[in-house]
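Both backbone and side-chain heavy atoms feed into the values below; hydrogens, waters and symmetry mates do not.
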Amino acid sequence: MNLKLSFVFTVLLVCAALAQNGNPTDYLSAQFHKERREALRAKMPQNSVAVFFGNPIRNRANDVDFIYHQDPDFYYLTGYKEPNSVLVIFSNNQTNKDGKSFNELLYVQEKNPRAEQWTGVRLGTEGAKKELGFENAFNGAAFLNSGIDYVSFDTVFFKEFEEDTRNSKNEKADLYKLIGAFKSQIGYNEKVKSQMDSNVQNEINAKKSITSKKATINTKSILTYMASLREKKSKEELVLLTKAVRISAMGQREIMKAMHPGMSETEIQGIHEFVYKKYGSEFEGYPSIVGAGNNGCVLHYIENSKMKVENDLVLMDLGAEYHGYTADVTRTIPANGKFSTEQKLIYDLVYDAQEAGIAAAKIGNNFNAPDVAARKIISAGLVKLGIVKKEQESRKYFPHGTSHHIGLDVHDPGLYNAFEADMVVTVEPGIYIPNGSDCDKKWWGIAVRIEDDILITTNGPVNLSGEAPRKSNEIEALMNEKSVLDTFSVPSLD
């Protein structure tokens, strides 16, 4: 590299570093991630090692990639948000060739001024030490010949590999090469994988591992370890998760004021996501669902392509992601601001079911308690309305479960046993009556889901998303208020 080019790269890096001074400062602390690694280490059996890989870079089209999003487990344990990375955690202290003791290793992307000019400043090994608190951080290339003797451990834990990793010509230690080196070092091959798949149930029942040519590997227990850690949130996590939930509730409030029959589903989605960005939310936690009328009967409808919502009910299931933590909030509102008779009957039935579900989300109750409570009310209500003849038939109109964990994933891992303090779960009953259903036509195309994010506490359930109205009369009242978007218009392109 000539002197002039070197100077340009230096200036670019300095400018980027200065720009970072304006970044948010409320991310999880390095101490949090360290404590999470220690908690995992405490669950691991003696003389074992766990290996985690960052998420792959995923291609969108041609030479354009999707915005990178780190593997939630990897982020939970490290705070590192870049690709091409590996974390190695040992259950017991190890000693390097210089006689120094260590129990974890982090491998990161190497600093590269040319690459950083295009895709942003990399943390590098020194940044990982300074910002993330790792004593032993190395460039990814060092993992290719790490010298870790995996066969000397009783068990090597890792998550099963997915076939979605590309081989980059521009990175000498991309994820493809890192995984390839690891597979070689532990003697992993497709024959071993096939053996593992055929013995999954035996492994669960007998808690046995499958032995490869070089190392005893286990790809199942690490999922249980991480689920048991992530299902309960720390105080730091609750701050971020609560903010994500409140941002999402504010998005619901703003669209209630702005909604009118001439809107498109895409425009409604855009208002929600604009509010998220206004509050500093980096992403949506999952593809936004905005279904008007019969579209709301598709549980994961993400096309959002209807040009006018007219007088339909509009089901809006959206969640802001704030610093990695995602909300999951659903409201269903009448596009014209007033529930019809049939719409209100179905809506209020779902509301009553949700109230019962939330009340059941208490410490010690089984995880399916909200579902049992909500389903009982909906089943009886559908019979009373004449939509079904028998309560058992109600499942076709309420086909999904009522609760799941949220956190770094919208469907966060958990053991799904009894409720414990500091869990955050959804309560989301729904009724969906598609066109052509076996009931009176007046009910067709009505879809209602009400979903809130509930913190489990010793004093009972706390609705974190309660700022978004749930009662039908409260929704109508808010929809009657003026919106700051009422006067917003753009020139016609016709």
Using a distance-only test with no angle check, is there a side-chain donor-acceptor pair under 3.5 angstrom linking Ser465 and Asn463? yes
Classify the ring geometry of Tyr347 against Phe339: parallel below 30°, tilted from 30° to 60°, perpendicular beyond 60°. tilted
Would you say the side-chain atoms of Asn55 and His69 include a donor-acceptor pair closer than 3.5 Å? no
Heavy-atom side-chain proximity of Asp438 to Glu393 below 4.5 angstrom: no
Tyr301 and Glu303: side-chain donor and acceptor closer than 3.5 Å? no
Measure up the His405 and Phe367 rings against each other and bin them: parallel (under 30°), tilted (30 to 60°), perpendicular (over 60°). tilted
Non-neighbouring partners of Ser483 that pass side chain to side chain donor-acceptor pair (under 3.5 Å), sequence neighbours left out: none
Check this for me, if you would: do Glu38 and Arg41 make a salt bridge, where the nitrogen-to-carboxylate-oxygen distance has to be below 4.0 angstrom? no
Any side-chain donor paired with an acceptor under 3.5 Å for Ser288 and Glu273? yes
Assess whether a salt bridge exists between Arg246 and Glu467, defined as any Lys/Arg side-chain N lying under 4.0 Å from an Asp/Glu carboxylate O. yes
Modelled atom types, side-chain donor and acceptor of Glu391 and Ser379, under 3.5 Å: no
Distance col, row Leu318:CG vs Ile247:CD1, nearest 0.5 angstrom, shows 13.5 Å
